[in-house]
Protein chains: 2
Amino acid sequence: MKLDRQTIQLAAISLLNEDGLEALSMRTLAKALDVKAASLYFHFKNKDELMEGIAELISSRISQRLAKVENCDFYQLAHILREELKRVNDSPRIFEDTYPFTPNRTKLIVLGMKLMQDLGVDKRHLTVAGNMGNNFVLSYVADEQYFARDSQRQMPPEFAEQFPSPIDLANPDEAFNYGLDIFIHGLQATTK
Amino acid sequence: MKLDRQTIQLAAISLLNEDGLEALSMRTLAKALDVKAASLYFHFKNKDELMEGIAELISSRISQRLAKVENCDFYQLAHILREELKRVNDSPRIFEDTYPFTPNRTKLIVLGMKLMQDLGVDKRHLTVAGNMGNNFVLSYVADEQYFARDSQRQMPPEFAEQFPSPIDLANPDEAFNYGLDIFIHGLQATTK
DNA sequence: ACCTGAACACCGTTCAAGT
DNA sequence: ACCTGAACACCGTTCAAGT
């Protein structure tokens, strides 16, 4: 078997999409690649570095898609970010768990802050606002994937009664836009 | 040794505050309690149930504090939530990983939604807005605790240059209020 | 240069057995 | 009722050894 970092990362993503993060071990990954676990350590220093590579790979996909968008605004960034995160099961957890300043991720962070500046956000607030926007999308996708996984563990019935037919994760696109609106209007309201 | 769920949960919180979540195993916890790992399974079905108990314990602390506040508004809920989460290292991760509808947590969710309704949020939007508010505080505390842990792994210097002297996690209280303002003003702007 | 066998020090969990 | 010994099936990681 001829391994390289790319094929290992892609195999890892396949496993994630089948069984989720907790089923992804160096051993199951090796087995999927028809290789021994120790071999992976020739290509990655450790599991953390592999996870970092996955986050970076996803970030590069996002960068590539963004490059094709002209006059990209913050809405489009948020939507593309969400879409690409959704393509990899448990990606929000992976992003939370890894070092964020790899090349393509840094590009995204810088772009996000630039687009916020275009929205009128003061320079002193950029890091907080950027973090908050990032956290919003990550948490949103995490909730979506959690919801998709356990259609069982829902709200207890007495609870559900109180909030009938809401715009919720059953209407995920609408709900995402609503959340995004809150954030963007909030940004603008606090900069005026 | 006379064990019960409370003492086990408190010992677990102590370990979290010393070495963080990844150092908390059933075995290290048992050792801290001067007992064997198998004993813990008399009191908790499994590790997940223990984690759920910890989240519920933190939620009960929050409930107790809130009970003493008269005319509680959404700001105060957010601040007390943040403060109590900060008392337990890696608590945001624990909240994300566990079933949310335990008794005291459910009380907090219902209260949060009520306070949002007071703010003028439409009933149809309550679940999304509630989730978003919850995610905001959890992510914020997670970032604070991450920042406090690795004072090393900072922004790379070329990056830091672009954003001089921001209101960021080095001014955590100010930054939290700024983020909270964004959220609340955004809520109000999208309900008008 | 790239992969493996074999080991090390861990995990969560179960369950018959002890008191 | 409450705890333990001993085991099972896993982890991530290392490293001498193979090709």
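Chain A is the first sequence line, chain B the second, and so forth, proteins listed ahead of strands; every chain is numbered from 1. When reading the values below, keep in mind they use all heavy atoms of this one structure, side chains included, and skip hydrogens, waters and symmetry mates.
Residue order along DNA chain D, read from the 5' end via each residue's closest nucleotide, puts Leu40(B) first among Leu40(B) and Lys45(A).
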Filtered N/O pairs between nucleotides 7-11 of chain C and protein, under 3.5 Å:
{"unit_1": "dC11(C)", "atom_1": "OP1", "unit_2": "Ser25(B)", "atom_2": "OG", "d": "3.2"}

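Here ring-ring contact (aromatic ring centres under 6.0 Å, His included) pairs that include residues 31-51 of chain B, with residues two or more places apart or in two chains, number zero.
Taking 4.0 Å as the cut-off between side-chain N and carboxylate O, Glu52(B) and Arg105(B) do not count as a salt-bridged pair. One finds no salt bridge joining Glu56(B) and Arg61(B) here, because no Lys/Arg side-chain nitrogen approaches an Asp/Glu carboxylate oxygen to under 4.0 Å.
When the P atom of dC2(D) is taken as reference, atom CZ of Phe44(B) falls 13 Å away, rounded to whole Å. To the nearest angstrom, P of dT4(D) lies 13 Å from NZ of Lys31(B). In this structure, Asn46(A) places its CG atom 14 Å from P of dC15(D), rounding to the nearest Å. As rounded to whole Å, 11 Å separates atom P of dT13(C) from atom CD of Glu49(B). In this structure, OH of Tyr41(A) is placed 15 Å from C1' of dA6(C), rounded to the nearest angstrom. Taking atom CG of Leu29(A) as the reference point, atom P of dC3(C) lies 13 Å away to the nearest angstrom. For the pair Asp4(B) CG and dC3(D) C1', the computed distance is 15 Å after rounding to whole Å. When rounded to the nearest whole Å, the span between NZ of Lys2(B) and C1' of dT19(C) equals 13 Å.
The side chain of Ser39(A) contributes an N or O atom lying less than 4.0 Å from OP1 or OP2 of dT4(C). For dC3(D), the OP1/OP2 oxygens have a side-chain nitrogen or oxygen of His43(B) closer than 4.0 Å.
Note that OG of Ser91(B) and CD of Glu96(B) are 9.5 Å apart. Values are rounded to the nearest 0.5 Å.
Between Phe74(A) and Phe183(A), the ring planes lie tilted relative to each other; the angle falls in the 30° to 60° range.
For Asp4(B) and Thr7(B), the side-chain atoms include at least one donor-acceptor pair closer than 3.5 Å.
With dG5(D), dT13(C), dC3(D) as the candidates, the nucleotide lying closest to the side chain of Leu3(B) is dC3(D). For Phe42(A), whose side chain is taken as the heavy atoms from C-beta onward, the closest listed nucleotide among dT4(C), dT13(D), dA1(C) is dA1(C).
Judged by a 6.0 Å distance limit and a 45° cone about the ring axis, Arg82(B) is not positioned over the six-membered ring of Tyr140(B).
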Do Glu84(A) and Arg65(A) pass the salt bridge (Lys or Arg N to Asp or Glu O under 4.0 Å) test, and can you show the C-alpha distance, the side-chain angles, and the key distance before you say yes or no?
-> CA-CA 9 Å; Glu84(A) 291 301 325; Arg65(A) 283 192 54 184; 2.8 Å; yes
Could you walk me through whether Asp97(A) and Arg93(B) pass the salt bridge (Lys or Arg N to Asp or Glu O under 4.0 Å) check?
-> CA-CA 10 Å; Asp97(A) 282 348; Arg93(B) 172 59 45 93; 2.9 Å; yes
DNA chain C in dot-bracket form (Watson-Crick or G-U pairs under 3.5 Å, [ ] crossing, | inter-strand) is ||.|||||...|||||.||
